[in-house]
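Side chains are part of it too, since the values below use all heavy atoms of this structure and drop only hydrogens, waters and symmetry mates. Predicted model only: the values in this text are computed from it and were never measured.
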Amino acid sequence: MHFEAAVLRERLRARVIGQDHAVEAVVRAVTIGRSGLQDPDRPLAGLLFVGPTGVGKTQLVRALADVVRSGPEDFCRIDMSALAQEHYAASLAGAPPGYAGSKEGLTVLVRELIESDGDRPGIVLFDEIEKAHPTVVRTLLHVLDNGRFTLSNGTRTIDFRNCVVVMTSNLGARTIAAHRRGGGRRWWSRRPVPGPGASELASLLVHPPTRAGGGAEEDILAAALRDFFDPEFLNRFDEIVVFAGIDARTAVEIAGREVRVVVDRLRERSVRAHVTHDVIEHLASVGHDEMFGARALKRAVRRELLTPLAEVLAAVRPRADAPVTVAVRMNGTRIECAAVHEGVHSPHDDAEPTAVPTGRPPTASRA
């Protein structure tokens, strides 16, 4: 499956809101990799996504899999928190010779999701890389540097050369959140990050446009990365992409997308829902949380919107032969849902079910 850079960019932006610079980094990596200009003995791309939870790091990987492969789950995902102990490294590299399972070459790496043909590259995500044991992290140097990973039994090698390798990390997120809560006061480590390679690390960081050029948060992030990872490990990445926290405008966009998901789901159950824009703004207001990101918005949708909707649907019990129209609007500080009787014109009948301020097509997704 082949997509031009413009098409790939458009489709990823429709699925990941508020992280256009990260989308650009992925488009850039995939485009260079597919052009044949990349080092043939390395993966198509080696990317490290850093930032707080719930801002779209994993979602961008799922969106890429949805566009260039067969669906949002069509990639190899390794939960690195399950490899926190040194002896768990065998689940990644396989059991060494003489141990149970060595002949089978058992590993959590799924070959068919990593080794793919040229038109459909493989994708592998090492999620929350900082939670893995340092020994496990060091074994991934061979993946980023040579594009191949030989299992411990020495008889099997997994080829990553036609694969996009992504790792995610939350390092520095808590310190940055504390810095923001403190009103943006200068952090104690505002001085240049010490040690060799500081300038090289800065050149790897891809920032949101509003944070480009540095600042206290860049120092926090750079220090966290350098304190935790070895320089030779960080130097293997093509780019380190810094994901921005969710601001108020992005929260409204995400809330609109989540409401659209609910509206589409209701339509499949013979329910037509009319949702006013102030409902979306309310959900964005009560669900906006810089620490927990889009997941907090999802919880707000569940608590504030799905609860009254469920109560109405339990009473009217829609069927294919008896469709129902539901008006969803604000009543003071809470969301009110009411079934509209047949033959009664709703003031919202002529409006779109939801209104997303950016005009981007909202898509069902997971942040």
Could you tell me the separation between the CG atom of L297 and the CD atom of E258, rounded to the nearest 0.5 Å?
-> 7.5 Å
Nearest-0.5 Å distance that lies between atom CZ in R111 and atom CZ in F160 | 9.5 Å
Among V262, I335, V271, V275, which residue meets the side chain to side chain contact (heavy atoms under 4.5 Å, CB included) test with L309?
-> V262
Do V286 and M330 belong together in a cluster built from hydrophobic side chains that touch within less than 4.5 Å?
-> no
Taking only residues two or more places apart in sequence or in another chain, which ones pass side-chain hydrogen bond (donor to acceptor under 3.5 Å, both in side chains) with E10?
-> none
For E130 and T168, which heavy atoms make the closest approach, and how far apart are they?
-> OE1-O, 3.8 Å
Check against side-chain contact (heavy atoms from CB on, under 4.5 Å), H277 and E281 | CA-CA 6 Å; H277 185 68; E281 292 181 332; 3.3 Å; yes
Report the C-alpha separation of R148 and D159 in whole Å, then their side-chain angles, then the decisive distance to 0.1 Å, and conclude whether the salt bridge (charged side-chain N to carboxylate O under 4.0 Å, His left out) test is met.
-> CA-CA 5 Å; R148 297 176 181 85; D159 193 340; 5.0 Å; no
Should L125 and F75 count as side-chain neighbours, where that means a heavy-atom distance under 4.5 Å?
-> yes
Is a donor on one side and an acceptor on the other found under 3.5 Å between the side chain of R120 and the backbone of S116?
-> no
Could you go step by step and tell me if N170 and E128 meet the side chain to side chain donor-acceptor pair (under 3.5 Å) rule?
-> CA-CA 7 Å; N170 297 327; E128 297 186 319; 3.2 Å; yes
Is the shortest heavy-atom distance from the side chain of V67 to the side chain of V7 under 4.5 Å?
-> no
Between L44 and N162, is a side-chain contact (heavy atoms from CB on, under 4.5 Å) present by the stated rule, with each step listed?
-> CA-CA 6 Å; L44 292 179; N162 191 43; 3.5 Å; yes
Check whether any side-chain heavy atom of T139 sits under 4.5 Å from a side-chain heavy atom of F149, and report yes or no.
-> yes
For the pair E268 and R265, find out whether any cationic side-chain nitrogen is under 4.0 Å from an anionic carboxylate oxygen.
-> no
Do the side chain of Q38 and the main chain of P43 share a donor and acceptor less than 3.5 angstrom apart?
-> yes
Given the rule in the side-chain contact (heavy atoms from CB on, under 4.5 Å) test, do Q85 and T135 qualify, once you have shown the distances and angles that lead to the verdict?
-> CA-CA 9 Å; Q85 303 299 321; T135 301; over 6 Å; no
Transitive ILVMFWY side-chain link F237 to V137, under 4.5 Å | yes
Given side chains that start at C-beta, do those of R42 and N146 come closer than 4.5 Å, heavy atoms only?
-> no
Atom pair CE (M167) and CD1 (I78), whose distance is rounded to the nearest 0.5 Å = 11.0 Å
Verify, without hydrogens or angle tests, whether D230 (side chain) and E232 (backbone) share a donor-acceptor contact under 3.5 angstrom.
-> no
Can you list the steps and then say if D247 with R249 is a salt bridge (charged side-chain N to carboxylate O under 4.0 Å, His left out)?
-> CA-CA 6 Å; D247 58 19; R249 178 181 177 277; over 6 Å; no
Group every Ile, Leu, Val, Met, Phe, Trp and Tyr by side-chain heavy-atom contacts under 4.5 Å, then state whether L140 and L225 land in the same group.
-> yes
Hey, what do you get for CG (L313) to OG (S270), rounding to the nearest 0.5 Å?
-> 11.0 Å
Of the non-hydrogen atoms in G287 and A296, which two are nearest, and what is the gap between them?
-> O-CB, 3.4 Å
Over 12 foreign heavy atoms within 6.0 Å of CZ, R303 | yes
Do you know which two heavy atoms are closest between I129 and L48, and how far apart they sit?
-> CG2-CD1, 4.3 Å
Are V326 and L306 connected, step by step, through hydrophobic side chains (Ile, Leu, Val, Met, Phe, Trp, Tyr) whose heavy atoms are closer than 4.5 Å?
-> yes
Nearest heavy-atom pair of C337 and V312: which atoms, and what distance?
-> O-CG2, 3.2 Å
Take D41 and R161, measure what side-chain contact (heavy atoms from CB on, under 4.5 Å) needs, and give me the verdict at the end.
-> CA-CA 6 Å; D41 292 323; R161 289 177 297 174; 4.0 Å; yes
Would F229 end up clustered with V143 when hydrophobic side chains under 4.5 Å apart are linked, directly or stepwise?
-> yes
Okay, side chain of T307, backbone of E304: is any donor-acceptor separation there less than 3.5 Å?
-> no
With sequence neighbours left out, which residue pairs that include part of residues 15-68 fulfil the ring pair (Phe, Tyr, Trp, His ring centres under 6.0 Å) condition?
-> F49-F243
Using atom types as modelled and distance alone, determine if a side-chain donor or acceptor of K57 lies under 3.5 Å from a backbone N or O of V50.
-> no
Quick one: does F233's side chain get under 4.5 Å of L144's, heavy atoms only?
-> yes
Please test E24 against R13 for salt bridge (charged side-chain N to carboxylate O under 4.0 Å, His left out), starting from the C-alpha separation and ending with a verdict.
-> CA-CA 9 Å; E24 287 297 326; R13 284 182 175 178; 3.1 Å; yes
Say you draw a straight line from CD of Q59 to CG of L12; how long is it, rounded to the nearest 0.5 Å?
-> 10.0 Å
State, with a plain yes or no, whether a side-chain heavy atom of R11 is found less than 4.5 Å away from one of D66.
-> no
Heavy-atom check, side chain of R77 versus side chain of T58, under 4.5 Å | yes
Can you measure from CG (D145) to CG (N235) and round to the nearest 0.5 angstrom?
-> 9.5 Å
State whether R28 and E239 are salt-bridged, where the test is any N-O pair (Lys NZ or Arg NE/NH1/NH2 against Asp/Glu carboxylate O) under 4.0 Å.
-> yes
Is there any ring pair (Phe, Tyr, Trp, His ring centres under 6.0 Å) pair reaching into residues 297-318, and which pairs are they, with sequence neighbours excluded?
-> none
Where do V68 and L8 come nearest, in terms of heavy atoms and distance?
-> CG1-CD1, 4.1 Å
Donor-acceptor side-chain pairing of T53 and R295 below 3.5 angstrom | yes
Any idea which heavy atoms bring E115 and T157 closest together, and the distance?
-> OE2-O, 3.8 Å
I32 backbone acceptor or donor facing S35 side chain under 3.5 Å | yes
Kindly indicate whether the side chain of L234, heavy atoms from C-beta on, has any atom under 4.5 Å from the side chain of I240.
-> yes
